[in-house]
Amino acid sequence: GMSYSIKAYKLPDAPANARGRPAVNFIESIASGDTITAVLPLPIDKDEIAHKSIMFVTDIGKFRRSKATDFLNIKSNGKIAMKLDDEDGESMGAITAVFVADDQGRYVFVNDAACTMTGYTRDELIGNNLIQFVYPDDREFAYRHFAQVKETGSAGGDCRYVTKSREIRYWEIKAVKISDTCYIRYTSDITDKKRSEHEIVRKNEELQATFEELSSTEEELKQQLEEI
């Protein structure tokens with residue numbers, strides 16, 4: 001993914017035929033077929049920008065956080081903002097689904113994997129609160145989890161969620177605070193893992209019950225032998 005710099009100028013009032021500098025130095029180096037996915041205005045004050053970060057997220061679930069100062073000086077042919085094939089540097093890894101929420105927990109961005117996981121379209125997810133997709137019995141955990149992210153900057157855990165088809169499944173959640181109004185959560189579906197764990201617990205309980213039953217029978221046999 002490439003990043004480019006566009007300079008815009010505020011022109012003074014003047015007649016329509018007045019000469020002056022161009023309003024925008026339009027990017028001519030964008031290859032045919034490439035598209036602009038986002039326009040991000042940056043503050044002019046360098047002291048202000050020094051404390052900011054820019055988050056890049058792809059539809060396949062990779063994201064990267066970079067310092068905003070890395071993009072102060074960009075050449076005309078652009079700057080690599082994120083390597084899509086071989087992630088390195090400050091890459092935070094490949095994940096399954098990406099949900100970006102505001103400070104109220106409302107989704108402002110989701111990737112394709114998030115739509116596939118939940119069964120909802122992007123339009124159905126955007127603007128809705130993350131809590132409404134959590135299984136009712138796990139909503140208290142979800143509230144605590146979001147509060148922890150706000151307070152400490154990150155949190156992890158797992159809980160149940162409900163898909164559009166009303167299927168109850170399990171999420172593994174990792175979330176980070178980007179700013180006071182932006183929180184990013186990346187999730188993996190761990191339903192199969194949870195079901196396997198529950199099956200192991202069930203079998204262990206059955207074995208324990210069988211062992212206790214055999215122990216009880218053995219004790220009864222001992223008592224009968226002693227009576228004889």
Legend entry - Linked, directly or transitively: Ile168 and Ile131 (ILVMFWY side chains, under 4.5 Å):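 Looking at the clustering, Ile131 is in a separate group from Ile168.
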Inset, instruction - Find out if a path of hydrophobic residues (ILVMFWY) with successive side-chain heavy-atom gaps under 4.5 Å connects Ile178 to Val100. - result: yes
Euclidean distance, [Y] [atom2] relative to [X] [atom1], rounded to 0.5 Å:
| X | Y | atom1 | atom2 | value |
| --- | --- | --- | --- | --- |
| Ser188 | Lys174 | OG | NZ | 7.5 Å |
| Leu130 | Tyr107 | CG | OH | 4.5 Å |
| Phe109 | Phe99 | CZ | CZ | 10.5 Å |

Inset, instruction - For Phe141, check ring-ring contact (aromatic ring centres under 6.0 Å, His included) against everything at least two apart and list the hits. - result: His145
Legend entry - ring-ring contact (aromatic ring centres under 6.0 Å, His included) against Tyr183, all qualifying residues, sequence neighbours excluded: Phe146
Output a table of donor-acceptor pairs, distance under 3.5 Å, between side-chain atoms of residues 148-156 and any protein atom two or more places apart or on a different chain; print 'none' if there are none.
residue : atom : partner : partner atom : Å
Lys150  : NZ   : Asp103  : O            : 2.7
Thr152  : OG1  : Gln148  : O            : 2.8
Thr152  : OG1  : Ser154  : O            : 2.9

Of all residues at least two apart in sequence or in a different chain, which pass the side-chain contact (heavy atoms from CB on, under 4.5 Å) check with [X]?
| X | result |
| --- | --- |
| Glu124 | Tyr120, Thr121, Lys164 |
| Asp189 | Met117, Tyr161, Arg169, Thr191 |
| Asp137 | Tyr135, Arg160 |

Inset, instruction - Kindly say whether Cys115 contributes a backbone atom to a donor-acceptor pair with the side chain of Arg122 at under 3.5 angstrom? - result: no
Inset, instruction - Determine the minimum heavy-atom distance between Cys159 and Val134, stating which atoms define it. - result: SG-CG1, 4.3 Å
Inset, instruction - Please report the C-alpha distance between Thr118 and Trp171 in whole Å, then the side-chain angles of each, then the deciding distance to 0.1 Å, and finally whether the side chain to side chain contact (heavy atoms under 4.5 Å, CB included) criterion is met. - result: CA-CA 10 Å; Thr118 62; Trp171 262 335; 4.1 Å; yes
